[in-house]
Amino acid sequence: MEGVVTRTTGSFHSVRSDDGIIMNCKLKGNFRIKDIRTTNPVAVGDRVLVEWHPDKQLGLITKIFDRDNYIIRRATKLSKESHIIAANMDQVVLVACVAFPRTSTGFIDRFLVTSEAYHIPAVLVFNKTDLYPPELLAPLAELEAIYKAAGYPFLKVSAVNGEGLQELRAILKDKVSLISGHSGVGKSTLINVLEPALKLKVLEISSYHLKGQHATTFAEMLPLTGGGYIIDTPGIKEFGLTDFNKKEVAERFPEMRALMHECRYSNCTHTNEPGCAVIPAVNAGRIAPSRYDNYLRIFYGRDWGEDKY
Ligand code: GDP
Ligand code: ZN
């Protein structure tokens, strides 16, 4: 039987068969995945072949089909091993806020660079619009202009008053979407509003920043009644590139990518070269200063300090 991994906890994996039956499974034997050293051989979103044993009510995963894409993070800070967060996504959705809590452009741009590196379309969803006082509406409009100009879908939503939820539903429909964003931005609340039957745990606003709040960190694929799936990633703060190639950073910024071929030197780093096509676009305001600044920070591998989360 073929199916999709919807949840993995330790050595047990839930697999949804093509006719919608959830099977409790284990891996058969040892699995090796080419090229990547991972701590988990099978991830949420993986398409697998299952040998079902009705007597034991247990399935054995005998094959993992090639992944269209996957995203990883380093298993631990110093580790060379990676942890696959999810596989075979149609898009990644970053839930963000301009306040309560604020999502920095550094965080957003690292997220977008990562999604570009994995060739997975990204969507930005700014939640809690019901909370924003007038003085925060201008920064929100500015962010909207920046990211729409860079080519990203940008939604303004409120899980509380329902603003933008219809558009969000339309974006999620019939797709496999990974939902990301730091703790407290309202991911669980939004998912619960979209799918009340799921009843995800929503943290009190006062406690979301407490350390260790999310002890368990496993991704889970949840069905949407309107069609499609979301992959919830509780406790996963940020995903990342394990192999980082400086030369590729500019290509991960669509608005820079569109201009780079006009630079005089093909190996232009867009930092100080004569004849660079990117720098004048920044000076003329056609590329947002925050985007260029974050390009430089990623390019030089600068410490993000307070901006990290
Ligand atoms: P998560 O950590 O991203 O899953 O965030 P939660 O869903 O746990 O939400 C964190 C807090 O923000 C909770 O107190 C929610 O009630 C609150 N919240 C979520 N969405 C909204 C919204 O659209 N408007 C307002 N005012 N509060 C929200
Ligand atoms: Zn250049």
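Whatever order the structure lists ligands and atoms in, that order sets their numbers, starting from 1.
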Check ligand 1 against [X] and write out every atom of the ligand that is under 4.0 Å from a heavy-atom position of the residue.
{"X": "Ser158", "result": "23 (O)"}
{"X": "Lys187", "result": "1 (P), 2 (O), 3 (O), 4 (O), 5 (O), 7 (O)"}
{"X": "Ser183", "result": "2 (O)"}

Proximity of [X] to ligand 1 by residue part, where a heavy atom lies under 4.0 Å:
{"X": "Asn127", "result": "side chain"}
{"X": "Val160", "result": "both"}
{"X": "Asp130", "result": "side chain"}

ask   = Short N/O distance, under 3.5 Å, between Leu131 and ligand 1?
value =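 No: no nitrogen or oxygen of Leu131 is under 3.5 Å from one in ligand 1.
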ask   = Any N/O of Gly184 closer than 3.5 Å to an N/O of ligand 1?
value =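 Yes.
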task = Anything under 30° is parallel, anything over 60° is perpendicular, the rest tilted; go ahead and classify Phe154 against Phe126.
result =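 Rings of Phe154 and Phe126: parallel, under 30°.
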inquiry  = Can you tell me how the ring of Tyr70 sits relative to the ring of Tyr118, calling it parallel under 30°, perpendicular over 60° and tilted otherwise?
reply    =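 Tilted.
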query = At their closest point, which heavy atom of Val92 faces which heavy atom of Ser115, and how far apart are they?
reply = CG2-CB, 3.7 Å
inquiry  = Whether Glu251 and Arg257 form a salt bridge (side-chain N of Lys/Arg under 4.0 Å from carboxylate O of Asp/Glu) is what I want to check.
reply    =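 Not counted as a salt bridge, because no side-chain N and carboxylate O are separated by less than 4.0 Å.
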query = Taking NZ, NE, NH1 and NH2 as the nitrogens, is one of them in Asp46 or Arg67 under 4.0 Å from a carboxylate oxygen of the other?
reply = yes
message = So if I apply the side chain to side chain contact (heavy atoms under 4.5 Å, CB included) rule between Arg47 and each of Asp66, Ile64, Asp18, Val15, which one comes out positive?
response = Asp18
inquiry  = Given Ile191, Val193, Thr189, identify the one with the heavy atom nearest to atom 19 (C) of ligand 1.
reply    = Thr189
inquiry  = Looking at Gly228, is its backbone amide N or carbonyl O close enough to the side chain of Lys173 to form a donor-acceptor pair, meaning the two atoms are under 3.5 Å apart?
reply    = no
inquiry  = I'd like to know if the side chain of Glu255 and the backbone of Ala149 have a donor-acceptor N/O pair within less than 3.5 Å.
reply    = no
query = Distance below 2.8 Å from the Zn ion (ligand 2): how many protein N/O/S atoms qualify?
reply = 4
message = One pair to check against salt bridge (charged side-chain N to carboxylate O under 4.0 Å, His left out): Lys156 and Glu163. What are the steps and the verdict?
response = CA-CA 7 Å; Lys156 290 173 286 185; Glu163 184 188 350; 5.6 Å; no
query = In terms of side-chain heavy atoms, does Asp109 have a donor or acceptor partner in Tyr147 at a distance below 3.5 Å?
reply = yes
